[in-house]
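Inspection log for the structure reproduced underneath, given as structure tokens.
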There are 2 protein chains.
Amino acid sequence: MTDTLEKQTSSALQPMLRKLGYWASLDSDDREAVLALPHTVKALSRNSYIVREGDRTSTSCVMLSGYSIRHKIVAGGARQIVAIHMKGELVDLQNSLLGVADHSVEMLTDGRVAIIPRDEVNRLAFERPNVGKAMWFDTLVDASIFREWVANVGRRDSRTRLAHLLCEFALRLKVAGLGEETHYELPMTQEQLADATGMTSVHVNRSLKGLEADGLIGRSTPRSIQIGDWRRLASTGDFNPTYLHLNERELA
Amino acid sequence: MTDTLEKQTSSALQPMLRKLGYWASLDSDDREAVLALPHTVKALSRNSYIVREGDRTSTSCVMLSGYSIRHKIVAGGARQIVAIHMKGELVDLQNSLLGVADHSVEMLTDGRVAIIPRDEVNRLAFERPNVGKAMWFDTLVDASIFREWVANVGRRDSRTRLAHLLCEFALRLKVAGLGEETHYELPMTQEQLADATGMTSVHVNRSLKGLEADGLIGRSTPRSIQIGDWRRLASTGDFNPTYLHLNERELA
DNA sequence: CGGGAGGTTGACAATCGTCAATCAGAGTGG
DNA sequence: CCACTCTGATTGACGATTGTCAACCTCCCG
């Protein structure tokens, strides 16, 4: 824990290690094993798909830069975004371990991912229990976020729902070392915000302006969000970060 | 796989074994290890809580009989049910491994559960990789169901939403060996259906009657559901069982 | 300068929630 | 056996949050 100097800074999997190390303490053997995972790095452009619903995948992947989303299409063509992923996150344990993809994963922005064979992930998980626990923990936290999203779209009004998403995003960005809590750039259009919150883009626009009018957020450009009073925004968003299962120090 | 005669029929954990065996093939050592998990059986009455949001739990539990739900309370007191659990299901890997519960688990009916210390579950998972894989797989399927629920609540209209839930329930009951696909008893009130689908009880009632009026379901009593034409109900419910990740044979 | 994507706004419609009354069935005590 | 009570189901009238449609605006980029 204290010898934070990493030897293998050369591996592209550094962001994954950071993430796993966040959930469980890994010794140097664990870390080496993670960084030694065979993988190929791939640059992907916005709107390209990592996995399509129905695919049979046998690889997992880790976000190295950029953002991606998971989504489902319902009858009638409407789309629901069920998760947003950022640097370091394990994007597809989910689909790959289950065999046939029950949802699609799409790049939200340009970015790079590392592709890892599923079998290698599986092997590592059981050869190095610390790593396995971290990965398991990671999937459990993902599940926790899904649950919060169910509650968010199911039982909160649109204003609260949006504010909640803005809070979650802010905090996750901060934890991932990608931004401040006071200001960040949304990587998504209002239509995509709508698909994530079960609203329409028109209503997202109105709600966003509503939050702005009430001084809860500032927007120097449509996508850049400033949060003046975190407490107040969290309160209107009914945002309690417990479900993110962060370490104590992050919740200051 | 072929020698299906179980020796330890005495263990209360039989339903858990059935479930895990569904996800991965377990050899006889694996099975014995599962059944040998230390546990205490507890009878719980309807509306009693297994875990409350905010609790620090160090035990997991398995449903032996009856039904339970996971739910979250949002600002204003509204409730969202995020999962329904039935016999054999591992109800609380989720909360217990994560430390502090991000949601409550409540009995929907009278029933019995087996309480297992978290550490024992953890130990078993890594001592017997087959079992560990089955448990991991189980949590991934749970997550998949959460994703479907996000889509259900976020992007489907109330009629479709309800029909979807009825289909999911029917199929899961069948797989758990608890009923037929053509007829079953709902273990929940309309208010609870509402909390699961993000609706109000009044609207659940109307939608249910709507489905009935259109001949999609029959109801001899308010809670007993008959499904005449599965295809038609599945179609109006936009129900595609992929997300349940069942074995081929179950999807006939 | 033209085209396109995304953001903004208004008028209108509708799904769904709220409130409140009534009904039906199960369990209880007399 | 019957009133009484409680929970859950059902129904109607009404209101409002949110969706739909469509126009227009703004910025970016070739």
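Quick note: numbers below take in every heavy atom, side chains included, and nothing from hydrogens, waters or symmetry partners. What you see is a predicted model; the values in this text were computed from it and never measured. Here is how names work: the chains are called A, B, and so on, in the same order as the sequence lines, proteins then strands, and each is numbered from 1.
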Q | A:Leu216 backbone acceptor or donor facing A:Asp214 side chain under 3.5 Å | A | no
Q) What's the CZ-C1' distance between B:Arg219 and C:dA24, to the nearest Å? A) 13 Å
Q. Counting distance only, does the side-chain N/O of A:Ser104 pair as donor-acceptor with the main-chain N or O of A:Glu53 below 3.5 Å?
A. yes
Q | For atom CE of A:Met188 and atom P of C:dG7, their distance in whole Å | A | 11 Å
Q.
Restricting to salt bridge (charged side-chain N to carboxylate O under 4.0 Å, His left out), what partner residues turn up for B:Asp195, sequence neighbours left out?
A. A:Arg155, B:Arg79
**Q.** Phosphate-side-chain proximity, A:Arg223 and D:dC27, N/O vs OP1/OP2 below 4.0 Å
**A.** no
Q. Do A:Arg172 side-chain atoms and A:Ile84 backbone N/O form a donor-acceptor pair below 3.5 Å?
A. yes
Q.
Please pick, from C:dG6, D:dT10, D:dG8, the nucleotide with the shortest atom-to-atom distance to any side-chain atom of A:Thr189.
A. C:dG6
(Q) Tell me every residue that passes ring-ring contact (aromatic ring centres under 6.0 Å, His included) with A:His71, counting only those two or more places apart in sequence or in another chain. (A) A:Tyr49
Q. Is the side chain of B:Arg70 donor-acceptor paired with the backbone N or O of B:Val91 at a distance under 3.5 Å, no angle test?
A. yes
Q: Check the angle between the aromatic planes of A:Tyr243 and A:His164 and answer parallel, tilted or perpendicular using the 30° and 60° thresholds.
A: parallel
Q: Round to a whole Å and report the spacing from CG of A:Asn47 to C1' of C:dA5.
A: 11 Å
Q) Do any side-chain nitrogens or oxygens of A:Arg46 fall under 4.0 Å of OP1 or OP2 in C:dG6? A) yes
With 3.5 Å as the limit, what N/O pairs link the protein to nucleotides 28-30 of chain D?
none

**Q.** Backbone of B:Ala194 reached by a side-chain donor or acceptor of B:Ser201 within 3.5 Å
**A.** no
Q: Check each residue of residues 67-75 of chain A for a non-hydrogen atom within less than 4.0 Å of any atom in DNA chain D, then write out the ones that pass by number, or none.
A: none
Q.
With a 3.5 Å distance limit and no angle check, can you tell me whether B:Gln80 reaches the backbone of B:Ala196 through a side-chain donor-acceptor pair?
A. yes
**Q.** Crowding at CZ, A:Arg219 (>12 non-hydrogen neighbours, <6.0 Å)
**A.** yes
Q: Please determine if B:Lys72 and A:Asp238 form a salt bridge, counting it only when a charged side-chain N lies under 4.0 Å from a carboxylate O.
A: no
Q) Got a sec? Which of residues 146-158 of chain A come in under 4.0 Å of DNA chain C, heavy atoms? A) none
Q.
So does A:Arg52 get a backbone contact from the side chain of A:Asp55, meaning a donor-acceptor N/O pair under 3.5 Å?
A. yes
(Q) At a heavy-atom distance below 4.0 Å, what parts of residues 194-217 of chain B sit against DNA chain D? (A) B:Val202, B:Asn205, B:Arg206, B:Lys209
(Q) Can a donor-acceptor pair be found, under 3.5 Å and without considering hydrogens, that links the side chain of B:Arg112 to the backbone of B:Ser65? (A) no
